[in-house]
Structure formats: structure tokens, C-alpha cells
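Worksheet: the structure to be examined is printed underneath.
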Amino acid sequence: MTGRPLETLLRDLNEKQRLAVEHGEGPLLIVAGAGTGKTATLAHRVAYLIAQGSDPSRILLLTFTRRAAAEMLRRVDSLLRHLGSVERDESRPTSAAPLPLRQASNRVWGGTFHAVATRLLRLHGRAIGLDPSFTILDRSDAEDLLGVLRTELGLAKSDRRFPLKSTCMDIYSRCINAREPVEEAVENYFPWCRDDVGDLRKLFSLYVDRKGTQGVLDYDDLLLYWHGLLSDARAGAAVRRRFDWVLVDEYQDTNALQAEILQMLTPDGKGLTVVGDDAQAIYSFRAATVRNILDFPARFPSTTIVTLEQNYRSTQPLLRATNAVIAETSERYAKELWSARGGGTRPQLVICQDEDEQTEALIRQVLEHREAGLALRRQAVLFRASHHSLALELELARRNIPFRKYGGLRFVETAHVKDLLTFLRLAENPRDLMAGTRVLMLLPGVGPKKARALMDRLGSRVVSSERMHPEPAASDRESAAAVARAEAPAGPEAEDESEAPESAEALRAVDTRGESSPWSAWRACPPPSAAAAAHWRDLVELMSLIGGRRPGDLASQIHQVRLFYAPLLERLYDNARARLLDLQQLEYLAARFNDRARFLAELALDPPSYSEDFAGPPLLDEDFLILSTMHSAKGLEWDVVYVIHAADGNIPSDLATGRADEIEEERRLFYVALTRAKDWLYVFYPLRYYSYPRSFSDVHGYAQLTRFLPPHVQSLFDVRQAGGPATADDASRAGQPGKASTEGQVTLEDIRRRLKAFF
DNA sequence: TGTTGGAAAATTTTT
DNA sequence: TTTTCCAACA
């Protein structure tokens with residue numbers, strides 16, 4: 001490419017950003033403070049690589065959410081588009097970029113670790129004996145499976161109380177993601193389960209087995225098997241060969257397993273770029289460790305570190321305050337953020353008598369800003385826990401102020417949506433026990449027992465049909481073929497389309513012979529109960545259709561399920577009308593997808609959130625106030641930010657003050673919230689708050705102002721009483737406390753065996 | 001199977 | 001307070 005268009009690309013960057021964008025192949029760590037143009041830098045780097053002639057389909061861009069991936073690729077696209085037009089203007093043909101620059105961003109591999117893992121496993125899984133038609137258990141399915149096994153092992157009935165299934169899941173998940181043995185994880189994070197370690201091991205081992213026989217993967221498996229794929233000599237090499245460049249966003253929120261995956265993907269760090277801010281590490285509850293970013297240079301000795309400190313988001317008075325908050329942290333990459341933006345008002349600390357006054361003052365302030373011309377959607381209310389916004393939501397609804405909440409109840413977690421999706425999942429994978437059980441129990445007169453019996457019949461049929469077609473434990477010849485296919489020089493899109501249906505084919509092929517279709521096992525059964533008689537035949541027909549060779553397009557499959565499910569829904573749940581509308585919504589949503597497996601995976605890995613519940617009728621201009629948990633606010637920015645419930649017990653959360661590092665994380669979370677603001681920042685501090693553990697009617701007494709705002713930090717705020725103007729008296733009052741191996745062939749069995757040895 | 005009551009435990013953030 | 005688990009019953 002000629003020099004000038006590249007110059008155009010780099011023009012808007014500052015010196016440091018430019019350094020990062022133009023950096024060559026060596027491992028690169030970009031330490032990017034809040035608001036320092038991290039996303040822009042990463043997007044520029046991707047665009048730069050493409051403009052220089054890198055093949056976009058050989059670039060892997062790992063982000064934290066799908067939303068982040070989409071945003072990043074949108075920016076890459078717009079940069080390239082701009083570049084293209086510059087060239088046209090100068091009527092200079094592109095020499096170094098063989099592909100049309102437009103649409104190049106579509107070819108980049110972008111997504112979360114989990115989503116990318118899913119894609120790679122569908123492509124290469126066979127090489128380690130993984131049937132690519134696996135379905136994904138979401139968190140609650142995985143918990144339910146653990147619950148079943150917990151009962152099966154007789155752990156539920158013991159005289160001592162065994163940990164709840166959700167706790168079991170947490171422990172299991174931490175072991176996998178942090179790569180810690182059970183004892184260690186339990187000792188450090190779940191000490192009250194110390195006596196149950198032996199039984200937990202048994203439980204986890206069985207859990208691994210069952211997922212295997214059912215062809216299901218939970219979230220952790222996606223990463224674990226990606227890791228396994230990379231440990232396999234052949235498949236690992238094939239996966240490594242796919243990518244020239246690997247870029248990772250939000251590196252501070254990756255866990256040990258993910259760090260290992262990266263290292264196996266680029267053993268010497270060649271082509272590896274990670275971006276993150278240790279000051280914004282807030283996902284340790286998901287086993288993320290800030291050590292990854294702190295130790296990156298040690299892991300990849302030739303690392304270049306670029307630190308971005310110029311903040312483009314906030315005004316200087318806001319930065320002074322946020323810098324002071326984070327300065328208390330002990331170990332960090334030292335950064336002093338500064339802004340070229342002049343002027344601006346100081347942040348405000350608003351002291352309220354109680355939650356009602358907080359709500360009142362907040363809404364007044366929001367409306368005031370809107371009067372002054374700031375749309376609601378440029379203002380956001382942030383809080384520690386999802387339920388902290390409840391009172392506010394009710395009041396907003398009452399006053400007809402539209403809002404949208406992020407991080408609340410999710411659409412796909414509502415029972416009826418889940419039910420419907422479960423039909424599809426069962427059609428996709430008849431071995432999926434949790435899916436089958438859920439579907440069958442919808443029938444009147446069918447409980448766990450009968451459901452289990454019917455699933456066993458189905459399962460035996462599937463297994464026996466597989467014996468006729470040796471499927472798992474693929475022969476060398478077969479896995480070699482799979483690798484060869486995956487490496488065919490087509491774009492990733494084309495491959496995915498051709499691969500996924502083929503895997504599902506394996507199961508459905510049996511259907512042509514009619515008798516051996518898995519569903520024929522059900523066809524032969526009498527209705528499981530008298531009450532279910534009316535539905536049984538229809539269910540068998542439905543599953544034979546959507547689980548057969550010609551299921552029809554996705555929307556029509558959902559339509560078929562709806563026809564069957566609607567009467568059951570009306571029997572099972574109240575509020576049937578609204579629920580049926582949701583299902584219709586889902587059918588529309590599905591029209592955008594043609595591949596069922598991908599649809600299910602996307603919904604499981606990044607479910608859309610559900611917000612209409614309490615929101616008032618949408619205004620004409622579709623303006624709405626943003627409500628978000630602090631976690632979900634990561635990476636976003638607004639002109640005005642309101643942080644509510646900023647009192648000890650909520651920030652830091654009562655539940656996270658056990659250990660010093662937990663308090664540090666709460667501080668970073670608070671910091672993330674504060675640094676979302678561009679021009680105005682309000683921190684609301686209710687003196688009285690209601691504390692959940694005791695009771696809703698029990699006033700917890702005078703709250704202690706969050707320990708993250710000691711006097712010298714408070715002095716950077718304007719302190720005022722919610723009722724009136726700020727006074728020196730208020731200021732003083734606020735300060736007062738009240739109260740692997742990388743060699744040789746690896747099979748799925750190997751991974752499981754190793755895993756079980758682990759337990 | 002499906003419902004009910006009582007006792008005990010957990011209580012946040014989310015791929 | 002709410003959720004979850006379990007045992008006893010219809």
C-alpha cells in the first residue's frame with residue numbers, strides 16, 4: 001500500500017496510540033487507562049494490519065462480549081471504508097490489499113473466547129473425538145445436571161447438608177477456569193465446604209462422564225476443549241496455523257485457562273496483542289485474575305509495553321477525583337490519566353436521608369439535564385447489584401419516564417422462552433438429557449421418573465445407531481479428513497456452513513431408514529400417562545419433524561414448536577398472553593439465522609437482555625434512561641453518570657469484604673463506574689439503607705460512607721445535601737463513620753481422564 | 001406425579 | 001426476605 005492512505009489511517013492517533021498500531025510482530029501489551037481510546041487503538045490496529053495486506057480471515061479478535069466485538073468490527077469497517085474512498089479520490093489502485101477492503105471486517109474472526117471456542121470445536125472437534133453436533137448447557141442447565149447427579153449419588157440425603165447445586169457449580173467452575181485442584185479452590189473460596197471435598201470430587205467426576213455421554217458442553221468445557229484441541233499435536237497445529245494475528249481486548253478480565261490458551265495459540269507471542277487496564281479488573285468471581293496482565297511481560301519476555309494515559313473522555317475535574325480513588329491500590333501499572341479537555345464541573349457527592357430521597361433527587365437531576373438538552377440515553381444510572389435499582393424502576397415507571405436496564409433478568413432465562421428453545425436443543429441433540437427431561441416434564445402426568453425412562457430409551461437408540469457408524473473416537477483417517485476439510489482455503493464463513501450441518505447429519509442419516517431414527521423409540525411407546533395421551537403423538541411427530549432430516553428453516557421450526565407448546569404453556573404458567581407474545585418475538589428473531597446450532601449457541605453464550613418488564617411505553621423518539629450494573633457498564637461511556645447506593649455494604653458489597661483482594665476488586669469496580677462519565681458525575685450516598693440479610697423493614701442504621709472516599713478524596717467532590725445546597729457541615733458529616741502437555745495425539749477421552757484424575 | 005409445609009441456607013457481578 | 005431442598009401426603 002502506498003504511504004498516504006496509511007497516513008490517513010494514523011492521522012487521528014496520538015503518539016502512543018500510533019506506536020501501538022504500527023507495532024510489528026513481537027508480543028505487545030497495551031496498558032490502556034479508562035477512556036484513553038483503547039477501542040479506537042485496537043480497531044486502528046486491525047484496520048492497519050488489513051490495509052497492509054494481512055488476510056482478515058487470519059486475524060483473531062477476542063473480546064469480552066459480542067456487543068464489544070460488533071462495535072470493534074464496525075469501527076474497523078468504517079476505517080477501511082474511509083481508506084478506500086481516499087484511494088478512489090486519488091484514483092490510485094490498491095496494490096497491497098488483494099481483497100476488497102469493504103467487507104474485510106466480516107472476515108475477521110471476532111467474538112468472545114467462548115464463541116470462538118464453539119466455532120473452532122465445530123470445525124476441529126472431530127480430531128479429538130468430539131462430535132461437532134454438541135449442544136451447550138447454559139448455567140442453569142449445568143446446575144440442574146449437577147443437581148440430578150447430586151441426588152443420584154445420595155449426597156442430597158446425608159445428615160449433614162451438602163452444598164447447593166449452585167455452590168457445587170461455582171466450585172467446579174473455579175477449578176476449571178483457575179486451574180486449581182478442588183482442595184485449593186475450596187480452601188480459598190469455599191472454606192465452609194471443606195468437609196465435602198471427597199464427595200465433591202466424586203460428583204464432578206460423574207458430571208464429566210455424563211456430559212460426555214450426552215454430547216453436551218458447559219461453558220467451561222468450551223474453553224477446556226479448546227485448550228485440549230491445542231494440546232493435540234495435529235489439531236493444535238491446524239488451529240495455530242489459522243491465525244497470523246491474535247488480539248485480545250479486556251485482557252485484565254481473562255482467567256488462567258484463557259491465558260494458557262493464548263500461550264498455546266502463540267507460543268512465543270508472535271502476532272499477539274493484548275489490551276487491558278489492571279485498574280479495571282472486576283471479574284475475579286469468574287476466576288479472572290489480574291495476574292494475567294501483570295505477568296504478561298514475564299510470560300512473553302520480548303514484550304513491548306505501550307501505556308496510554310491521555311484520556312479523551314472525561315473532564316479534568318472528574319479525572320482528578322477518579323485518579324485519587326484508584327491511587328490507593330497497591331500493585332498496579334502506574335498511570336496518571338490526564339485530559340486536554342478544559343473546564344468542566346467537579347463531581348458531586350449527594351447525601352440523602354434514605355433511598356426515597358435518593359430516588360427523588362436523582363430523578364430531579366435527570367430531568368434537569370434533559371431540560372438542558374441532554375437526551376435521556378446520554379445519562380446512565382449505575383449500581384452494584386441488579387436489585388439496587390428496583391425502587392428507582394418503580395418510580396420511573398410511575399412517572400412514565402422510559403428506561404432500559406442492562407444486566408437484569410434475561411429474556412432467555414424466562415421459563416417459557418427457555419422451554420421453547422429446549423425443544424430445538426433436543427432436536428439438535430437427542431442425547432441431551434437435561435433438554436429431554438425439560439421437554440417431557442411439560443406434559444401433564446410426567447415427572448422426573450418417567451422423563452428419565454423415556455430419555456433412556458432415546459439414548460440407547462442413539463448410542464446403538466452410533467455403533468453402526470463409528471462416530472466418537474474417530475479413526476485417524478477420519479480425523480485427518482476433518483483437519484483437511486477445516487484447512488481448505490475457504491473463508492471461515494463458508495467452512496462453518498458446510499461443516500455444521502454435516503455433523504448433525506450423522507444423527508439424522510439414520511432417519512432415512514425410518515426404524516432406527518432416535519424418535520422411533522418414542523413412537524413405539526404408549527403415552528406415558530393418561531393425562532398426556534392427547535399430547536404424546538403430537539410430540540413424537542414434532543420431534544421427528546424438527547429432529548429429522550428435513551426440519552425446515554429455523555423460523556418454521558419454532559412455529560411448529562409454538563403450535564405444540566402453546567396449550568401446555570397456558571396450563572403451566574399464568575400471564576400466558578404476554579408469554580405467547582414473547583415466543584412470537586423469538587420466531588422473528590430466529591428469522592435472521594439459518595443455522596439452528598449457531599442460533600442456540602449464540603443465545604446460550606450471549607443472551608439478549610430483557611427490559612420491557614417495568615419500562616413505560618416507549619416515547620416517540622425512542623429515548624430512554626440507561627440503568628446498568630457496574631459490571632455491565634464496562635467499556636461504555638455517558639455524558640452524565642449517576643452512581644447510586646454508594647454506601648458501605650453496597651460499595652463495597654457486604655458480601656465481598658472478606659479478604660483484602662476482594663476489597664481491592666470492589667475499589668476497581670467503583671473506579672470503573674466513576675470513569676464512565678464524560679462531563680457530569682453524581683455519587684449518591686443514602687445515610688440510611690435497608691439491608692437484605694436482616695429484613696426489608698429493618699433499617700440498618702446510619703451507613704458508613706464508602707471507604708473508597710476518604711476525606712482527601714472527598715475534597716475533590718462538591719458535597720451537598722439532597723435537599724439543599726452544599727454546606728461545609730455536610731462535608732464534615734460525610735466523612736464520619738456510623739457503622740499441559742503439548743505433544744502427541746490427544747483424544748477427548750484423554751482430556752476427560754486427565755480431568756477426572758484431577759478430581 | 002404433583003402439591004404442600006417446614007426448615008435451613010443464601011443473599012452480587014456473568015461468559 | 002426469598003429460595004431451595006426434602007419429606008409427607010393426596
Side-chain angles (χ1 to χ4, degrees), chain A residues 62-69 111-118 136-140 142-144 147 150-151 155-167 169-170 173 176-177 190 192-193 217-223 250 253-255 257-258 281-288 382-388 406-410 413 440-441 443-451 528-532 572 601-607 609 628-634 645 649-657 662 665-666 668-669 672-673 690-698:
Chain A
L62 292 162
T63 54
F64 199 71
T65 61
R66 188 176 48 190
R67 192 169 58 183
T112 60
F113 272 86
H114 293 83
V116 168
T118 307
I136 299 171
L137 293 184
D138 67 21
R139 170 77 192 209
S140 77
E143 277 178 15
D144 288 346
R150 186 171 170 276
T151 315
L155 298 172
K157 280 200 181 179
S158 58
D159 32 339
R160 226 171 8 87
R161 196 78 164 193
F162 196 72
L164 291 186
K165 58 184 180 182
S166 59
T167 311
M169 190 75 241
D170 284 339
S173 200
I176 301 297
N177 286 294
F190 309 88
W192 63 92
C193 303
L217 270 58
D218 62 20
Y219 289 152
D220 303 329
D221 287 334
L222 293 171
L223 298 183
E250 307 284 8
D253 284 323
T254 54
N255 59 43
L257 180 54
Q258 289 167 322
I282 55 175
Y283 276 89
S284 72
F285 69 91
R286 238 171 63 192
L382 306 183
F383 34 87
R384 175 66 179 85
S386 201
H387 67 262
H388 286 167
Y406 292 108
L409 180 64
R410 280 146 185 272
E413 279 161 19
L440 289 166
M441 297 223 307
L443 301 175
V446 178
K449 239 192 174 126
K450 283 181 181 167
S529 76
L572 289 168
E602 292 229 354
L603 285 185
L605 295 178
D606 195 1
S609 59
S628 173
T629 60
M630 295 178 178
H631 282 90
S632 299
K634 184 164 90 160
H645 284 297
N650 292 329
I651 308 176
S653 167
D654 268 339
L655 303 160
T657 50
E662 287 179 317
E665 173 136 329
E666 293 289 306
R668 294 191 295 262
L669 186 57
V672 166
Y690 303 101
S691 170
Y692 182 52
R694 300 201 175 174
S695 100
F696 262 90
S697 55
D698 182 16

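Lettering of chains follows the sequences in order, A, B, ..., and the numbering in each one begins at 1. The analysis underlying the following values was restricted to heavy atoms, covering all of them including side chains, and did not include hydrogens, waters or symmetry mates.
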Check: protein-nucleotides 1-3 of chain B nitrogen or oxygen pairs below 3.5 Å:
residue: B/dT1; atom: OP2; partner: A/K450; partner atom: N; Å: 3.1
residue: B/dG2; atom: OP1; partner: A/G445; partner atom: N; Å: 2.7
residue: B/dG2; atom: OP2; partner: A/V446; partner atom: O; Å: 3.1

(message) One character per nucleotide, please: for nucleotides 5-10 of chain C, 5' to 3', B when the base has a protein heavy atom closer than 4.0 Å, S when only the sugar-phosphate does, - otherwise.
(response) SSS---
What distance separates [X] [atom1] from [Y] [atom2], expressed to the nearest 0.5 Å?
{"X": "A/T112", "Y": "A/L222", "atom1": "OG1", "atom2": "CG", "answer": "9.0 Å"}
{"X": "A/T118", "Y": "A/L223", "atom1": "OG1", "atom2": "CG", "answer": "9.0 Å"}
{"X": "A/K165", "Y": "A/R150", "atom1": "NZ", "atom2": "CZ", "answer": "8.5 Å"}
{"X": "A/L164", "Y": "A/E143", "atom1": "CG", "atom2": "CD", "answer": "9.5 Å"}
{"X": "A/M169", "Y": "A/R139", "atom1": "CE", "atom2": "CZ", "answer": "5.5 Å"}

(message) Can you tell me how the ring of A/W192 sits relative to the ring of A/F190, calling it parallel under 30°, perpendicular over 60° and tilted otherwise?
(response) perpendicular
(request) For A/F285 and B/dT12, say yes or no: do the ring centres fall under 5.5 Å of each other while the ring planes differ by less than 30°? (result) no
(request) Toss me the dot-bracket line for DNA chain B: Watson-Crick and G-U wobble, both under 3.5 Å, 5' to 3', using | for pairs to another strand and [ ] for crossers. (result) ||||||||||.....
Interatomic distance, [X] [atom1] vs [N] [atom2] [rounded to whole Å]:
{"X": "A/R384", "N": "B/dT12", "atom1": "CZ", "atom2": "C1'", "value": "5 Å"}
{"X": "A/E250", "N": "B/dT15", "atom1": "CD", "atom2": "C1'", "value": "13 Å"}
{"X": "A/R139", "N": "B/dT14", "atom1": "CZ", "atom2": "P", "value": "12 Å"}
{"X": "A/K634", "N": "B/dT12", "atom1": "NZ", "atom2": "P", "value": "21 Å"}
{"X": "A/D144", "N": "C/dT3", "atom1": "CG", "atom2": "P", "value": "16 Å"}
{"X": "A/E143", "N": "B/dT14", "atom1": "CD", "atom2": "P", "value": "15 Å"}
{"X": "A/H631", "N": "B/dT15", "atom1": "NE2", "atom2": "P", "value": "11 Å"}
{"X": "A/F383", "N": "B/dT12", "atom1": "CZ", "atom2": "P", "value": "14 Å"}

(request) Would you mind reporting whether A/R286 and A/Y219 have side-chain heavy atoms less than 4.5 Å apart? (result) no
(message) When you compare the side chain of A/K450 with that of A/L443, does any pair of heavy atoms fall below 4.5 Å?
(response) no
(message) Taking the P atom in each of C/dT4 and B/dT13, what is the distance between them to the nearest angstrom?
(response) 14 Å
(message) Please compare A/A604 and A/P163 by the position of their nearest nucleotide in DNA chain B and report the one closer to 5'.
(response) A/P163
(message) Taking any heavy-atom pair under 4.0 Å as a contact, classify A/Y283: base, sugar-phosphate, or nothing.
(response) sugar-phosphate
(request) Go through A/T254 and A/Y283 one step at a time and tell me if the side chain to side chain contact (heavy atoms under 4.5 Å, CB included) criterion holds. (result) CA-CA 8 Å; A/T254 54; A/Y283 276 89; over 6 Å; no
(message) Given A/I282, which partner from the list A/M630, A/H631, A/E666 fulfils the side chain to side chain contact (heavy atoms under 4.5 Å, CB included) test?
(response) A/H631
(message) What verdict does the side chain to side chain contact (heavy atoms under 4.5 Å, CB included) test give for A/I136 and A/H114, after you've listed the backbone C-alpha separation in whole Å, the side-chain angles of each residue and the deciding distance to 0.1 Å?
(response) CA-CA 11 Å; A/I136 299 171; A/H114 293 83; over 6 Å; no
(request) Tell me which nucleotide among B/dT14, B/dT15, B/dT12 gets nearest to the side chain of A/A385. (result) B/dT12
(message) Nearest to the side chain of A/S632, heavy atoms from C-beta on, is which of B/dT15, B/dA10, B/dT14?
(response) B/dT14
(message) Does A/E250 form a side chain to side chain contact (heavy atoms under 4.5 Å, CB included) with A/T63? I'd like the steps, not just the answer.
(response) CA-CA 7 Å; A/E250 307 284 8; A/T63 54; over 6 Å; no
(request) Determine: side-chain N/O of A/S386 to OP1/OP2 of B/dT13, distance under 4.0 Å, yes or no. (result) yes
